[in-house]
Novice: 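Mind having a look at this structure? Questions to follow.
Hydrogens, waters and symmetry mates are skipped; everything else that's a heavy atom, side chains included, is used. In what follows, chains are A, B, ... by sequence order, proteins preceding strands, each numbered from 1.
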Amino acid sequence: MTVRTRFAPSPTGYMHIGGMRTALFNWLFARHNNGQFILRIDDTDQQRNVEEALGPILQAFRWLGLDWDEGPEVGGDHGPYFQSQRGELYHQALDDLLLKGKAYRDFDPPDVVKADREAAEKEKRNYMNIRRSLELSDEDIQRNLETDVPYVIRLFVPRDEKVAINDAVRGEVEWDCSLIPDPVIMRSNGSPLYNFASVIDDAQLKITHIIRAEEHLSNAPIQVLLFGALGYEQPQFAHIPFITAPGSNKKLSKRDLQKLRNNPAMRKMFQVADNILPRLGLEVGESVNPITVEYYERLGFLSEAIFNALSRLGWSLDDKTENMSRETVIENFTLERVIKSPAGLDPEKLMSYQEHWMGQKSLEEKVTGVLPCLQRAELISDSLSDDDLSYVGRVIVALDDRLKTFSDILQFDDFFMSDDDLQFDEKAIQKRLIKPDDALPLLKKLREKLATVESFDAVTTEAMLHQFIEEEEIKVGQIIHALRVAVSGKSTGPGMFDCLELLGRERCLARMDRAIGIAESASAS
RNA sequence: GGCCCCAUCGUCUAGUCAGGCCUAGGACACCGGACUUUCGAUCCGGUAACGGGGGUUCAAAUCCCCCUGGGGUCACCA
């Protein structure tokens, strides 16, 4: 039998990282078993524009490299793949259940049901719905229908039975039906509820394995009952652990976005977003934040890294392998190696995957990755000459592994700013140019020497600087920090002489003049 | 509260089903050292865990029971 798995996102306008991980496991299981992965869209009661809200979600799938065999854009033999278009199928199933007596119309108005529930709560007993409508005669029911008395349809739960699943990750889990109230499967307005629609869809789409997050475990008994009542075979369930916020064991939720900001492990991710996103013309919000996939794409993370990190949330290959390619994960992914306990998202671990995969990238790939960031931040023009490209390449070579995400290039914007626009870090100027008494005189002397050095390549300037140090009888540290601040505006950066060579003589001298001017006027006042 | 799930270093996890190879392995983080003009990187080294209590057994992280702790879910949401 062909393995078929699915993921059923609601068109919300963003892809949650936890949902992405669930989708990934479904996709991996399908790919590992040469099966099919289906995307189905849960767009019942959607007010917003579905197509627009679906865009970022499909984009997240494409970015991560998760292709789907059936679903939006690609179609398939089991469609439609939008729940909103499957209404007819739900009603056929409903009629079937009603006919077989497996479901019934409940004419109790909502306030009566609510009162029942409150009464049970008050008496501290378990609420079970009172099946008053089951007492109705056929004539009563007929009359109710003719006079349009509103009703919902409930599944008739056989209270003397037990339901069980053999979960692929959790093993045998059993529920006592005597504790399960009859669930509503169709609203009074005629629309189906999730638990019901989902079962119909899964059955009709011939889904063999339902892989979903643990929070759905309590939906399982009802769905199992539904599969049985409809005469469908029960699919294999696999309830994978949900993802928790760093240092917590609570489910990572979009509702706790503000709380996450204060989470020590997440703080850095938000700070990066606050600093970088505006420069890219974006801002932190519902759709772009550390728990959405778009955040990582926008900030120039590698999809290989996110794929790797997501794979490791609740799954491992063995006792030591951490860095895995898509192929390796597909080849080795089994539900057997999915863990039961919650999986915590660790931004630092994620970053270590990112560093690993960035290290695998060629210079060309890095240039390509960095360009959109530079262009969006208007640090480089949209029409690039070969010289521009090779300059970006040389900067990246100098940056070496300081470039961890593509957007990190913005931290080294001094290579791309004009000499007049360059911002000097005030603290750095203070510490390196103003505070040491000898800094300014030395820097001025060095400036004159640099102006006359015959070539401005890294080797020559380095040799020159060492000669300068000997002549002045100083240590490297007494001049090089001042030089760095003067030339880049910052106190840290790539190798000093690489920086000089990249910028070239004219730009270095111009920047040194500006820095000297700033420092002098600051110390004068 | 009912039902259900879970429990190994600070974190993610290997080991649990088929008890001994576990003086509990790896990774991230952290601490120290080396290198270094800064930052970063790299290389060496180090600290650090089986929630508690009972069993079973020659032997328990692993099997059984109880306790404790944490979590999920209880809609005419998905």
Novice: Please report the distance, rounded to the nearest Å, between CD in Glu215(A) and P in C3(B).
Specialist: 21 Å
Novice: Using the C1' atom as the point on both nucleotides, what is the distance between U62(B) and A7(B), in whole Å?
Specialist: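 A7(B) and U62(B) have their C1' atoms separated by 14 Å.
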Novice: For the C1' atoms, the ones on A60(B) and on C77(B), what distance do you get once it is rounded to whole angstrom?
Specialist: 46 Å
Novice: Is the closest side-chain donor-acceptor distance between Glu426(A) and Gln430(A) under 3.5 Å?
Specialist: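 The criterion, which ignores hydrogens and geometry beyond distance, is not satisfied for Gln430(A) and Glu426(A).
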Novice: Tell me which nucleotide among G40(B), C4(B), A78(B) gets nearest to the side chain of Trp175(A).
Specialist: C4(B)
Novice: Taking CG from Asp111(A) and P from C76(B), how many angstroms apart are they, rounded to a whole number?
Specialist: 13 Å
Novice: Between the side chains of Asp108(A) and Arg154(A), is the shortest nitrogen-to-carboxylate-oxygen separation below 4.0 Å, so that they form an ion pair?
Specialist: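 Answer for the salt bridge query: no.
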Novice: Any N or O donor-acceptor pair linking the side chain of Ser188(A) to the base of C76(B) at under 3.5 Å?
Specialist: yes
Novice: Name the one of Phe307(A), Phe333(A), Trp315(A) that satisfies ring pair (Phe, Tyr, Trp, His ring centres under 6.0 Å) with Phe25(A)?
Specialist: Phe333(A)
Novice: Angle class for the Tyr296(A)/Phe301(A) ring planes (parallel below 30°, perpendicular above 60°, tilted otherwise)?
Specialist: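 Geometry flag for Phe301(A) against Tyr296(A): perpendicular rings.
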Novice: Given G40(B), G71(B), C6(B), which nucleotide is nearest the side-chain atoms of Asn249(A)?
Specialist: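 In terms of side-chain proximity for Asn249(A), the closest of G40(B), G71(B), C6(B) is G71(B).
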Novice: For Ile180(A) and G2(B), give me the distance from atom CD1 to atom P, rounded to whole Å.
Specialist: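 Interatomic distance, CD1 of Ile180(A) to P of G2(B): 17 Å.
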Novice: Among C4(B), C6(B), C39(B), which nucleotide has an atom closest to any side-chain atom of Val173(A)?
Specialist: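 Among C4(B), C6(B), C39(B), the one nearest the side chain of Val173(A) is C4(B).
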Novice: With a cut-off of under 6.0 Å to the ring centre and 45° to the axis, is Arg394(A) in cation-pi contact with Phe415(A)?
Specialist: no
Novice: Tell me whether the OP1 or OP2 atom of A14(B) has a side-chain N or O from Ser316(A) closer than 4.0 Å.
Specialist: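 It does, given that an N or O in the side chain of Ser316(A) lies less than 4.0 Å from OP1 or OP2 of A14(B).
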Novice: Please confirm whether any donor atom in the side chain of Arg170(A) sits under 3.5 Å from an acceptor in the base of C5(B), or the reverse.
Specialist: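 Check fails, no donor-acceptor contact within cut-off.
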Novice: How many whole angstroms separate atom CG of Asn126(A) from atom P of C74(B)?
Specialist: 14 Å
Novice: When the C1' atoms of U13(B) and U8(B) are compared, how many Å lie between them, rounded to an integer?
Specialist: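 Rounded to whole Å, the distance is 9 Å.
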Novice: If U62(B) has a Watson-Crick or G-U wobble mate with both distances under 3.5 Å, name it; if not, just say none.
Specialist: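 Its partner is none (no Watson-Crick or G-U wobble pair with both distances under 3.5 Å).
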Novice: Side-chain donor or acceptor of Asn219(A) under 3.5 Å from a matching atom on the base of A78(B)?
Specialist: yes
Novice: Choosing from C76(B), U38(B), G71(B), which nucleotide comes nearest the side chain of Glu214(A)?
Specialist: G71(B)
Novice: If I pick the P atom on C6(B) and the same atom on G15(B), what distance separates them, to the nearest angstrom?
Specialist: 16 Å
Novice: Does Arg125(A) place a side-chain N or O at less than 4.0 Å from the phosphate oxygens OP1/OP2 of C3(B)?
Specialist: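 Negative; the distance criterion is not met.
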Novice: OP1 or OP2 of A41(B) versus the side-chain N and O atoms of Lys404(A): is any pair under 4.0 Å?
Specialist: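 Checking Lys404(A) against A41(B): at least one side-chain N or O falls below 4.0 Å of OP1 or OP2.
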Novice: Taking atom CZ of Phe196(A) and atom CG of Asp201(A), what is their separation to the nearest 0.5 Å?
Specialist: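 Rounded to the nearest 0.5 Å, the CZ-CG separation comes out at 9.5 Å.
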Novice: Could you go through the side chain to side chain donor-acceptor pair (under 3.5 Å) check for Thr244(A) and Asn249(A) one step at a time?
Specialist: CA-CA 5 Å; Thr244(A) 61; Asn249(A) 34 21; over 6 Å; no
Novice: Sticking with atom C1', work out how far G71(B) lies from G32(B), rounded to a whole angstrom.
Specialist: 38 Å
Novice: At under 4.0 Å between heavy atoms, what does Pro110(A) touch on the DNA or RNA strands: base, sugar-phosphate, or nothing?
Specialist: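 The residue Pro110(A) makes base contact.
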Novice: Look at the aromatic rings of Tyr194(A) and His216(A) and report parallel, tilted or perpendicular, splitting at 30° and 60°.
Specialist: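 Ring orientation of Tyr194(A) relative to His216(A): tilted.
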Novice: With the sugar-phosphate defined as primed atoms, P, OP1 and OP2, and the base as all remaining atoms, what B/S/- string results for nucleotides 21-37 of chain B, 5' to 3', for protein heavy atoms under 4.0 Å?
Specialist: ----BBBSS-------B
Novice: Taking atom C1' in both C9(B) and G25(B), compute the distance separating them and give it to the nearest angstrom.
Specialist: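 One C1' to the other, the span is 12 Å.
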Novice: Give the nucleotide from the list C76(B), G72(B), A78(B) with an atom nearest to the side chain of Lys250(A).
Specialist: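 Of C76(B), G72(B), A78(B), G72(B) is nearest to the side chain of Lys250(A).
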Novice: Take atom CE of Met358(A) and atom P of A41(B), then tell me their distance rounded to the nearest Å.
Specialist: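 Computing the Met358(A):CE to A41(B):P distance gives 14 Å.
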Novice: Ignoring backbone atoms, establish whether Arg337(A) has a side-chain N or O less than 4.0 Å from OP1 or OP2 of G15(B).
Specialist: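 Indeed, a polar side-chain atom of Arg337(A) lies that close.
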Novice: In whole Å, I'd like the distance from the CD1 atom of Ile339(A) to the P atom of U13(B).
Specialist: 5 Å
Novice: Taking NZ, NE, NH1 and NH2 as the nitrogens, is one of them in Lys449(A) or Glu472(A) under 4.0 Å from a carboxylate oxygen of the other?
Specialist: no
